[in-house]
Amino acid sequence: MKTITSQQLETELKKKLDSAYLLIGADEFLFSNCIQLIKQKCCFSNEMMNFITLDDEKLSASKLLTELESMPFGADRRLILVRDADFCESDKKDIIKYFENPNVYSTLILWGNEKFGFLNKFSTIVECNKLKNYELQKIIDTWLLPYNKTASIEVKNRLIELSSFSLGKIWNECKKLCDFVGIRKEIMMEDIELLVPKSLEANVFELSTYIFKKKYENAISTLNTLLKNNAPQSILATIISTFRRMFLSSLSKDTDAELSLLLKVKPFAITIARDQIQSFSQKKLKLINELLAEVEYGFKSGQISADTALYYFIFSVKEII
């Protein structure tokens, strides 16, 4: 077993193509990019015959092994991509036995699923986690260069924040921004605010800021906008996780990087949380989280709907702030 990052994959592929790759992480753009890099290594003349996708939860070992043991058609390698499968124990044993002496003309790509852990020791594990802020800044610069465009650090950070660190979203927004500014060389903050839609997380951050500043009308307005485009239960879950993160950030003496690993978020998210709660006591944050626990229980027990729970939270949090 070998573990590499998605950025290291291209270098590793120059050395050799392994029998199996397990792609893990949270950024689907990186997943897709890794698959493209592996495809390029194979130099397909006929992709239809040599790149097979098996997207079936009930996939059997016999079907998978048939594909793996088949020879490529007019190519050096045959690729089999498995997105989702739940193998029984006997199937796992058969697949493990195959990988003890695999077909050198086939490569298996497993799309990030914990169910594939039994193949860890036979696979090169490729981490496709969301990238760090400074890494995304460099990538943005690379993407803007062919368009002869630039952006300040503040503008890039705002783009990253609004895109929730999603490389795919950043890529789409970069193209849109470059087309929008025309002959102007620099992308400005005004362009970002005008064109880049806010993610659910960014909107919830804005809503929480209004709550802390006691601007409840703005908070209600933000909530009304969110409800037009998002399921109320998703909004409620994001609000709960956001305020829980704030409370834990106030309690922990860990660094932003250390706490981000524990909470499985970006260090930037912890930094923002700590900046936002500087003027609030742990007692108030604890009371807000207790209110949210009450609201969540009311929703999950069927006593109130999710949208009612959201409005109830905003009107009730006034008594705490």
Review point. For S250, does its backbone N or O pair with a side-chain atom of Q282 as donor and acceptor, under 3.5 Å?
Key: yes
key: Within-4.5 Å side-chain heavy-atom neighbours: L291 and E319   = no
task = Classify the side-chain pair D55/T53 by whether it contains a donor and acceptor separated by less than 3.5 Å.
result = no
Within-4.5 Å side-chain heavy-atom neighbours: L131 and D27: no
Practice prompt. Decide side chain to side chain contact (heavy atoms under 4.5 Å, CB included) for L81 and W111; before the verdict, give the C-alpha distance in whole Å, the side-chain angles of both, and the deciding distance to 0.1 Å.
Written response: CA-CA 7 Å; L81 170 64; W111 181 296; 4.3 Å; yes
Exercise. Hey, are R77 and T107 close enough side-chain-wise for a donor-acceptor pair under 3.5 Å?
Worked result: yes
task: Would you check if the side chain of K41 reaches a backbone N or O of L13 as a donor-acceptor pair within less than 3.5 Å?
output: yes
Parallel, tilted or perpendicular: which fits the ring planes of F87 and F116, with parallel below 30° and perpendicular above 60°? tilted
Would you say the side chains of Q276 and T209 form a donor-acceptor pair under 3.5 Å?
yes
*Do F315 and I220 have side chains that get closer than 4.5 Å, going by heavy atoms?*
yes
inquiry  = Is a donor from one side chain sitting under 3.5 angstrom from an acceptor on the other, for Y311 and N224?
reply    = yes
**Prompt:** Ion pair present between E100 and K97, side-chain N to carboxylate O less than 4.0 angstrom?
**Reply:** no
- What do you reckon, is CG of L194 surrounded by more than 12 foreign heavy atoms closer than 6.0 Å? yes
Notebook entry, point to check: Is it the case that more than 12 heavy atoms not belonging to E296 sit under 6.0 Å from its CD atom?
Noted result: yes
> How about K93: does its NZ atom have over 12 heavy atoms from other parts shown lying under 6.0 Å from it?
Replying inline: no
Note to self: Tell me whether the count of non-hydrogen atoms from other residues, nucleotides or ligands lying under 6.0 Å of CE in M71 goes above 12.
What the structure shows: yes
With a 3.5 Å cut-off and no angle check, do the side chains of S163 and E173 form a donor-acceptor pair? no
Problem - Step-by-step side chain to side chain donor-acceptor pair (under 3.5 Å) determination, E206 to N218 - result: CA-CA 9 Å; E206 186 175 87; N218 297 92; over 6 Å; no
Centroid separation F299 to F313 less than 6.0 Å
no
Test: E161 and R158 ion pair at under 4.0 Å: yes
* Considering only NZ, NE, NH1 and NH2 on the basic side and carboxylate oxygens on the acidic side, decide whether E290 and K286 come within less than 4.0 Å. => yes
Near K185 NZ, under 6.0 Å, is it more than 12 heavy atoms from other residues, nucleotides or ligands? no
Legend entry - Connected via hydrophobic side-chain network under 4.5 Å: Y210 and V204: no
Notebook entry, point to check: Going through the distances and angles, do Y98 and E69 end up as a side chain to side chain contact (heavy atoms under 4.5 Å, CB included)?
Noted result: CA-CA 9 Å; Y98 162 82; E69 291 167 349; 3.9 Å; yes
Report task. Could you tell me whether E217 atom CD has more than 12 heavy atoms of other residues or ligands within 6.0 Å of it? Result -> no
Would you say that more than 12 heavy atoms from the other residues, nucleotides or ligands in this model lie under 6.0 Å from the CG of D141, or not? yes
Extract all donor-acceptor atom pairs below 3.5 Å that involve side chains of residues 165-172 and protein atoms in other chains or at least two apart in sequence.
| unit_1 | atom_1 | unit_2 | atom_2 | d |
| --- | --- | --- | --- | --- |
| S166 | OG | K169 | N | 3.4 |
| N172 | ND2 | G168 | O | 3.3 |

With a cut-off of 6.0 Å (strictly less than), are more than 12 heavy atoms of other residues, nucleotides or ligands near OH of Y312? no
